[in-house]
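Just so you know, these numbers use all the heavy atoms, side chains as well, and skip hydrogens, waters and symmetry mates. Chain letters run A, B, ... following the sequence lines, proteins first and then strands; every chain starts at 1.
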Amino acid sequence: MADILTKRADDHAQWYNDLVLKADMAEHSAVRGCMVIKPHGYAIWEKMQRALDGMFKETGHVNAYFPLFIPKSYLAKEASHVEGFAKECAVVTHYRLKSDPVHGVVVDPEAKLEEELIVRPTSETIIWNTYRGWIKSYRDLPLLINQWANVVRWEMRTRLFLRTAEFLWQEGHTAHATRQEAIEETERMLEVYRRFAEEWLAMPVIKGVKTASERFAGAEETYCIEAMMQDGKALQAGTSHFLGQNFAKAFDVLFTNKENKQEHVWATSWGVSTRLMGALIMTHSDDNGLVLPPKLAPVQVVIVPIAKNAEQLGAISAFVAPMIAAMRAKGITVKFDDDDTKKPGWKFAEHELKGVPVRIAVGPRDMENSTVEVARRDTLEKQVMQTTDLAEKVDHLLANIQDNLYQKALAMRERYTRAVDTYEEFKAAIEQGGFILAHWDGTAETEERIKDETRATIRCIPLDGDVSPGACMVTGRPSNRRVLFARAY
RNA sequence: CGGGGUGUAGCGCAGCCCGGUUAGCGCACCUGGUUUGGGACCAGGGGGUCGUGUGUUCGAAUCACACCACCCCGACCA
C-alpha cells in the first residue's frame, strides 16, 4: 500500500496534520488560523451535534441564538472574565469600507463605531445582559438554554480542529434559584459529556475539577472531562462551569424568591467544540487513516463491487440490492460505491483513509457462492460471510466495532496511567507520556513549579477513584488525594 | 511573541549555490485503447503573472534589499 500518511511513530503531529488533510476533513483557509471544514469533516460534526442536541433536550434544555457581536464594555463587567479573554479578542471598529484608487477598498474613517464591538470569544456577557430582562421571579427559574454557535479567540498558535481562531461549539447557559441546584446542573451536564464521549466517540474520559489556576475566567468551579490521546498526551474534551453568582452580580440579574426577597441567580455554563473532532482522530486513527466509531461515521458500510464490465456491475448491483435494503431498514447508512472510474484497490485505500467502519467487497466469486467479503476498519480483519441474514451480522459487527474501539482506548489509558510517590519518579514518568496520579499539596506555587520543571499540568482533581490521603511528592505537605497530571494539548 | 521552514500547474516537488533557448518531473485532469479480488498500464494532450515590490544586469525562478502569506516547534489557551 502506498504510504500517503506520515507514520504515527515517526512524527505524531505531522501524522495528525496529514490525516486531517488527506482524509478530506478540513483544510487551511486564506485566513490565518481559520480552517475550512470540508463535507466529510462536517458530516461527522453534524452527527456529534445531533446526538448532543438530543441529550441536551432530554435534560430539559432548549436552543436559542445570541449575537456574534458583543459591546466592548460588557466584557469588562466581570473582572476575571475580562482578564481571561481580553488578550485574544477580535474587535470591530468600523462598519463601512469605501473604494480607493490604490488599495481597492479601505476602511472608511468616517464610519467609526461609537462603541467598538468584540467578536464573541464566549457568550456569557451578552447572554447575562439579556437574562436580566427575562428573569424576575423564582417562577422564571431554572432557565435552561443552549446555543450552537461559532466563537473567535485570537490564538497565537493554531492547529486544525484542536485550536483554531474560529471554532464551532455549543454553549449552555443556565440560571438557577439556588447554589445547590446550579451545582447539580453543572455536574449533570458533565455527566452528559462523559456519556457522549464514551458512548459516541468511544473515548474514555476522566471526570474531575480543575485547579484554581486552570479554572474558566469567571467561574467558581470548572469541571472537565480529560481524555488520553494515542501519543500519551491529555486533551480536555469538555468543560462545565459553576459560575456562582459572578455574572448575575456583574449584570444585575435578580429574582424575587418565595419570601418576596431579591436574590442574585446562580449560573452555569458548559461547552464542547469542534476540538472533539481532533480528540476523535487522535483516539482511534492509525497509519492507514481515520478510524471512526460506527455511531459517528457518516457512512457506516461501503460496498465495493468488483466487476470486469458493465454487465457484471449490473449483476452485482442486483445481487446486493436486497442486502442494502435490509441494512437500511435497520438504520445502517450504506454506500454502494459503483463508481466505474476507480479500481477496487483504490477504493479500499480511500475508504480506509476516510474511516468507513465496514467494507463489503462483492465480486463474481461471491455471487456464485452467495457470499461477501467483509472487512472491519478497526482491526483491518477480513472474513467471507454467507449472505444469509447479512444485515443482522453487519449490525452486530458495527456494535462490536463501537465497543472494541472503546475497550482498546480504555486499555491504552490504563496501560499508560500510573501512580507515583516521589518527584524523581514523577519526572522520569512524565517523559514516558501518559497520565500520572500523584499527591499534591494543593498550592498554586507547587503546581506552577511542577509545570515549569516538567511541562506537566494538573489536568484535574478526579471526582472518582483513589481518595486516600498522602504527602505531596514535591513538598511533603499533606494531600487529600491523588490528582491527575499529564502533558496536554 | 520568540525559533525554524516554505512559497514554482489542482496537489507534491526539482531547478536557485554557479543568471543565458520554449521552466521540468510525479500524481491528478482530458482523449483513445487494454484492464479491474489491495491505490492498473500504454499512447497522445491541456494546464505556469515562478508569493509581492524595488533594485542589479544586455538578460532574473535564479543575485540583493524590503515586504507579505502560510506551515511547523515553544510560551498562552477549548
Side-chain angles (χ1 to χ4, degrees), chain A residues 1-6 11-14 16-18 20-22 24 27-35 83-89 121-122 150-171 193 210 213-217 222 224-227 234-241 269-279 288-289 304-310 312-313 316 338-353 359-367 369 371-373 375 380 382 384 451-452 455 457 487-489:
Chain A
M1 183 172 303
D3 294 330
I4 56 158
L5 297 175
T6 303
D11 184 343
H12 196 270
Q14 192 60 46
Y16 174 84
N17 232 326
D18 283 1
V20 171
L21 299 173
K22 298 276 173 55
D24 219 19
E27 64 184 39
H28 295 286
S29 73
V31 182
R32 187 200 74 91
C34 295
M35 64 178 173
E83 174 84 13
F85 287 105
K87 58 189 181 299
E88 53 185 29
C89 280
T122 180
N150 58 338
V151 288
V152 169
R153 295 180 189 176
W154 215 262
E155 299 288 350
M156 294 182 183
R157 178 157 177 260
T158 59
R159 297 191 63 185
L160 292 167
F161 287 118
L162 293 174
R163 180 168 301 107
T164 46
E166 179 193 14
F167 56 95
L168 306 184
W169 76 347
Q170 58 68 218
E171 45 181 328
Y193 288 157
K210 288 290 186 189
S213 60
E214 299 271 334
R215 209 172 271 156
F216 175 75
T222 287
C224 62
I225 50 172
E226 292 285 329
L235 183 78
Q236 179 175 306
T239 51
S240 185
H241 313 291
S269 70
W270 27 273
V272 297
S273 72
T274 35
R275 171 179 253 202
L276 285 176
M277 298 285 294
N288 293 331
V304 177
I306 294 156
K308 291 195 197 308
N309 50 48
Q312 258 185 15
L313 182 59
I316 292 170
D338 61 353
D339 180 351
D340 62 1
T341 67
K342 301 280 195 292
K343 295 187 52 170
W346 191 92
K347 292 178 185 175
F348 292 174
E350 180 67 10
H351 295 302
E352 258 162 35
L353 183 59
R359 180 186 72 233
I360 299 178
V362 185
R365 222 154 58 199
D366 295 300
M367 289 195 289
N369 303 328
T371 59
V372 293
E373 183 197 75
L380 298 171
K382 290 190 264 197
V384 174
K451 186 178 173 184
D452 287 346
R455 283 167 48 220
T457 51
R487 286 185 182 150
Y489 276 98

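Across all strands shown, rG19(B) remains unpaired; no Watson-Crick or G-U wobble contact has both distances below 3.5 Å. Searching all strands for a Watson-Crick or G-U wobble partner of rC1(B) with both distances below 3.5 Å returns rG74(B). rA14(B): no Watson-Crick or G-U partner with both key distances under 3.5 Å is found in any strand. Figure legend. rU6(B) is base-paired to rA69(B); pairs are counted as Watson-Crick or G-U wobble with both atom distances under 3.5 Å. The pairing partner recorded for rC41(B) is rG33(B), the criterion being a Watson-Crick or G-U wobble arrangement whose two distances lie under 3.5 angstrom.
One interatomic measurement links the two molecules: CZ of Arg159(A) to C1' of rA78(B), which rounds to 14 Å at whole-angstrom precision. Atom CD in Glu350(A) sits about 9 Å away from atom C1' in rG39(B), given to the nearest Å. In this structure, CG of Asp452(A) is placed 11 Å from C1' of rA75(B), rounded to the nearest angstrom. Atoms CD (Glu226(A)) and C1' (rC77(B)) sit 13 Å apart, rounded to a whole Å. A straight line from CZ of Arg163(A) to P of rC71(B) spans 14 Å, rounded to a whole angstrom. Per the geometry, NZ belonging to Lys210(A) stands 11 Å off P belonging to rC77(B), to the nearest Å. Distance CG (Leu21(A)) to P (rG10(B)): 18 Å, rounded to an integer number of Å. When the P atom of rC11(B) is taken as reference, atom NE2 of His28(A) falls 13 Å away, rounded to whole Å.
Comparing rG15(B) with rG24(B), their P atoms sit 16 Å apart, to the nearest whole Å. One P atom belongs to rA64(B), the other to rG19(B), and the distance between them is 11 Å to the nearest Å. Taking the P atom of each, rA9(B) and rA61(B) are spaced 14 Å apart, rounded to whole Å. Taking atom C1' on both rG53(B) and rC17(B), the two are 24 Å apart, rounded to the nearest angstrom. For the C1' atom pair drawn from rG59(B) and rC70(B), the interatomic distance equals 32 Å after rounding to whole Å. Using C1' as the reference atom, rC29(B) and rG46(B) are 9 Å apart when rounded to the nearest Å. Only the P atoms considered, rU21(B) is 13 Å distant from rC16(B), to the nearest whole Å. Remark: the separation of the P atoms in rG51(B) and rG12(B) is 14 Å, to the nearest Å.
Of the candidates Lys382(A), Lys22(A), Arg359(A), Arg359(A) is the only one forming a salt bridge (charged side-chain N to carboxylate O under 4.0 Å, His left out) with Glu352(A).
The side chain of Ile306(A) lies closest to rG37(B) when the candidates are rG37(B), rC71(B), rA78(B). Closest contact between the side chain of Leu353(A) and the listed nucleotides rG38(B), rG39(B), rC71(B) involves rG39(B). The listed nucleotides are rU35(B), rG38(B), rC72(B); the one nearest the side chain of Ala13(A) is rC72(B). With distances taken from any side-chain atom of Lys343(A) to the nucleotides rG37(B), rG39(B), rA78(B), the minimum falls on rG37(B). In the set rA78(B), rC70(B), rC76(B), the nucleotide with an atom closest to the side chain of Lys87(A) is rC76(B). Minimum atom distance to the side chain of Arg365(A) is reached by rG37(B), of the listed rG37(B), rG39(B), rC76(B). Here the nucleotide nearest the side chain of Met156(A), chosen from rG39(B), rC1(B), rG37(B), is rC1(B).
The residue Leu162(A) sits close to a base: some heavy atom pair falls under 4.0 Å. Using a 4.0 Å heavy-atom distance criterion, Glu155(A) is classed as a base contact. Looking at heavy-atom distances under 4.0 Å, Glu373(A) makes contact with a base. Using a 4.0 Å heavy-atom criterion, one finds that Thr239(A) contacts no nucleic acid atom at all. Using a 4.0 Å heavy-atom cutoff across all strands shown, Arg455(A) reaches sugar-phosphate atoms only and no base atom. Across all strands shown, Ser29(A) has no heavy atoms under 4.0 Å from either base or sugar-phosphate atoms. Using a 4.0 Å heavy-atom cutoff across all strands shown, Gln14(A) reaches no nucleic acid atom at all. Phe167(A) comes within 4.0 angstrom of a base, heavy atoms only.
Between Trp270(A) and Tyr193(A), the ring planes are perpendicular. Angles over 60° get that label, and only those under 30° would be called parallel.
Each of Thr274(A) and Cys34(A) was matched to the nucleotide of RNA chain B holding its nearest heavy atom; the match closer to the 5' end belongs to Cys34(A). Ranked by how close their nearest RNA chain B nucleotide is to the 5' end, Gly33(A) and Ala237(A) are led by Gly33(A).
Under a 4.0 Å N-O distance rule, the pair Lys210(A)/Glu226(A) qualifies as a salt bridge.
A cation-pi geometry, defined here as NZ or CZ lying under 6.0 Å from the six-membered ring centre and within 45° of its normal, does not hold between Arg275(A) and Phe167(A).
Taking only distance into account, the side chain of Lys382(A) never meets the base of rG37(B) through a donor-acceptor pair shorter than 3.5 Å.
Side-chain nitrogen and oxygen atoms of Asn17(A) include at least one within less than 4.0 Å of the OP1 or OP2 phosphate oxygen of rC72(B). Taking 4.0 angstrom as the limit, Lys451(A) places a side-chain polar atom (N or O) nearer than this to OP1 or OP2 of rC76(B).
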As a quick check of understanding, evaluate side-chain contact (heavy atoms from CB on, under 4.5 Å) for Asn17(A) and His28(A), giving each step before the final call. CA-CA 11 Å; Asn17(A) 232 326; His28(A) 295 286; 4.3 Å; yes
Please test Leu160(A) against Leu21(A) for side-chain contact (heavy atoms from CB on, under 4.5 Å), starting from the C-alpha separation and ending with a verdict. CA-CA 9 Å; Leu160(A) 292 167; Leu21(A) 299 173; 3.9 Å; yes
Output, in order, the C-alpha distance, side-chain angles, deciding distance and verdict of side-chain contact (heavy atoms from CB on, under 4.5 Å) for Leu235(A) and Leu162(A). CA-CA 9 Å; Leu235(A) 183 78; Leu162(A) 293 174; 4.0 Å; yes
Test Met277(A) against Val20(A) for side-chain contact (heavy atoms from CB on, under 4.5 Å), laying out the working first. CA-CA 10 Å; Met277(A) 298 285 294; Val20(A) 171; over 6 Å; no
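For the pair Arg365(A)/Ile306(A), no side-chain contact is recorded, criterion being any heavy-atom separation below 4.5 Å from C-beta on.
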